[in-house]
There are 2 protein chains.
Amino acid sequence: MQPLKTGELAKRAGVNVETLRFYERKGLLPRPPQRESGYREYPQESVRLIRFIKRAQELGFSLKEIRELLTLKVQPGVTCADVRETTERKVADVRKKIRDLKAIERALQRLTVTCMGRGPLSECPILEHLEGEIL
Amino acid sequence: MQPLKTGELAKRAGVNVETLRFYERKGLLPRPPQRESGYREYPQESVRLIRFIKRAQELGFSLKEIRELLTLKVQPGVTCADVRETTERKVADVRKKIRDLKAIERALQRLTVTCMGRGPLSECPILEHLEGEIL
DNA sequence: CTTGACTCCGTACCAAGGTACGGACCGTAG
DNA sequence: CTACGGTCCGTACCTTGGTACGGAGTCAAG
């Protein structure tokens with residue numbers, strides 16, 4: 001298995017070359033050995049690393065959190081329980097976001113229910129509510 | 001009712017002075033008449049306008065969307081139904097966000113369930129999943 | 001009339017997660 | 001050997017919703 005050049009890694013991992021550079025700057029992707037010319041030579045595992053990042057992102061982890069997860073992985077003495085704890089915190093975050101959005105949904109829903117969609121703008125219950133006339 | 005100076009409006013509306021300047025730049029808050037000295041003289045209604053913005057924000061509207069709502073209000077021929085439509089689109093957005101977050105929640109929940117929190121990091125099911133080992 | 005608080009303006013900065021650009025250099029196919 | 005595409009680097013730019021700063025000018029209380 002040959003090392004990968006930046007463009008090859010980007011292609012295999014399904015991201016932009018610029019994104020790789022960005023991840024490197026952010027400390028998510030370690031800088032690989034470089035040739036004399038400066039060309040980076042990524043090991044094959046880098047593809048997995050990028051995919052790890054992308055998966056974690058899909059699960060709602062921020063890049064900062066992902067960097068922490070990656071740091072956990074290489075620190076001695078870190079246990080599975082630490083990773084689990086991070087994940088549980090994230091579940092709690094996500095649940096809070098869901099609760100907040102549901103409150104918003106209910107409020108908006110109440111607004112659309114009060115508005116028949118008829119009548120002039122000056123009597124629109126939605127705008128009235130936003131202006132604080134009612135409630 | 002005297003006109004309000006920037007600081008007074010900010011105080012009454014519960015926002016920062018800088019925020020008012022920001023809203024003005026963004027086209028949410030029309031630039032009021034100004035004295036010779038440049039001092040702005042806001043009409044009392046501006047307090048309501050800022051509160052409108054803040055309420056709409058709490059309901060998940062972005063500043064851009066709020067600007068559109070405000071534009072709707074002053075355009076002739078716009079009906080209550082237009083406002084209702086905007087609100088309904090927003091409800092749909094919010095519902096989609098909730099669905100997405102629920103999918104994330106389920107996925108994270110599955111991960112924490114598979115992880116007993118014991119054992120070495122090298123066998124952590126959470127990290128394994130993120131790396132694509134399983135599934 | 002002085003002085004401290006307020007206001008003006010442009011601009012820079014923050015977070016997050018990238019994308020884009022330009023000039024210089026490299027590498028390889030033809 | 002040359003030409004084209006890939007890569008390097010630093011930097012600027014984008015979005016969203018603001019916050020902060022600094023110098024100059026202004027207002028109003030004492």
OP1 or OP2 of [N] less than 4.0 angstrom from a side-chain nitrogen or oxygen of [X], does that happen here?
| X | N | answer |
| --- | --- | --- |
| Lys26(A) | dA15(C) | no |
| Thr6(B) | dC6(C) | no |
| Gln57(A) | dA16(C) | no |

In this structure, how many angstroms lie between the [atom2] atom of [N] and the [atom1] atom of [X], rounded?
| X | N | atom1 | atom2 | answer |
| --- | --- | --- | --- | --- |
| Arg25(A) | dA15(C) | CZ | C1' | 15 Å |
| Leu9(B) | dC8(C) | CG | C1' | 16 Å |
| Glu8(A) | dT28(C) | CD | P | 10 Å |
| Lys64(A) | dA15(C) | NZ | P | 9 Å |
| Arg67(A) | dA15(C) | CZ | C1' | 13 Å |
| Phe22(B) | dC9(C) | CZ | C1' | 17 Å |

**Request:** Considering only heavy atoms of chain B and a distance under 4.0 Å, specify the first and last nucleotide of DNA chain D in 5' to 3' order that meet this criterion.
**Result:**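 It runs dG17(D) to dC27(D).
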
**Request:** Check the pair Glu58(B), Lys54(B) against salt bridge (charged side-chain N to carboxylate O under 4.0 Å, His left out), reporting the backbone distance first and the verdict last.
**Result:** CA-CA 6 Å; Glu58(B) 281 165 18; Lys54(B) 286 296 168 191; over 6 Å; no

Give a yes or no on whether a salt bridge exists between [X] and [Y], defined as a side-chain N under 4.0 angstrom from a carboxylate O.
| X | Y | value |
| --- | --- | --- |
| Arg89(A) | Glu85(A) | yes |
| Glu24(A) | Arg40(A) | yes |
| Glu88(B) | Arg84(B) | yes |

**Item:** Helix axis bend for the helix from dC1(C)-dG30(D) to dG30(C)-dC1(D) - C1'-based end axes, five pairs, 10° rounding
**Value:**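 The end-segment axes of the helix from dC1(C)-dG30(D) to dG30(C)-dC1(D) are tilted 20° relative to each other.
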
**Prompt:** Arg21(B) or Ser62(B): which one's nearest nucleotide on DNA chain D is closer to the 5' end?
**Reply:**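 Checking each residue's closest nucleotide, the 5'-ward one belongs to Ser62(B).
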
**Asked** Could you go step by step and tell me if Thr86(A) and Ile126(B) meet the side chain to side chain contact (heavy atoms under 4.5 Å, CB included) rule?
**Response** CA-CA 10 Å; Thr86(A) 301; Ile126(B) 295 177; over 6 Å; no

**Request:** Specify the closest pair of heavy atoms between Ile98(B) and Ile98(A), including all atoms of both residues, with the distance to one decimal.
**Result:**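 For Ile98(B) and Ile98(A), the tightest heavy-atom pair comes out as CG2-CG2, 4.3 Å.
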
**Request:** Taking all heavy atoms of Leu101(B) and all of Val94(A), pick out the closest pair and write down the distance.
**Result:**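 In terms of heavy atoms, the two residues are closest at O-CG1, 3.4 Å.
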
**Prompt:** How long is the gap from CD1 on Ile53(B) to CG on Leu28(B), to the nearest 0.5 Å?
**Reply:**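 With rounding to 0.5 Å, CD1 (Ile53(B)) is 4.5 Å from CG (Leu28(B)).
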
**Request:** Output the distance between atom NZ (Lys5(B)) and atom NZ (Lys11(B)), rounded to the nearest 0.5 Å.
**Result:**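 Reported to 0.5 Å precision, the distance equals 12.0 Å.
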
**Prompt:** Where each residue is assigned the nucleotide of DNA chain C containing its nearest heavy atom, which of Asn16(A) and Gly7(B) is assigned the position nearer the 5′ end?
**Reply:**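 Comparing both residues, the 5'-ward one is Gly7(B).
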
**Request:** Could you list by number each residue of residues 28-47 of chain B showing a heavy-atom separation from DNA chain C of less than 4.0 Å, or answer none if no residue does?
**Result:**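 Heavy-atom contacts with DNA chain C come from Arg31(B), Gln34(B), Gly38(B), Tyr39(B), Arg40(B).
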
**Prompt:** So which of Lys96(A), Lys102(A), Lys97(A) actually passes salt bridge (charged side-chain N to carboxylate O under 4.0 Å, His left out) with Asp100(A)?
**Reply:**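 That would be Lys96(A).
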
**Request:** Assess whether atom CD of Gln75(B) is packed by more than 12 heavy atoms of other residues, nucleotides or ligands within 6.0 Å.
**Result:**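 Yes, CD of Gln75(B) has more than 12 neighbouring heavy atoms, counting only those of other groups under 6.0 Å.
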
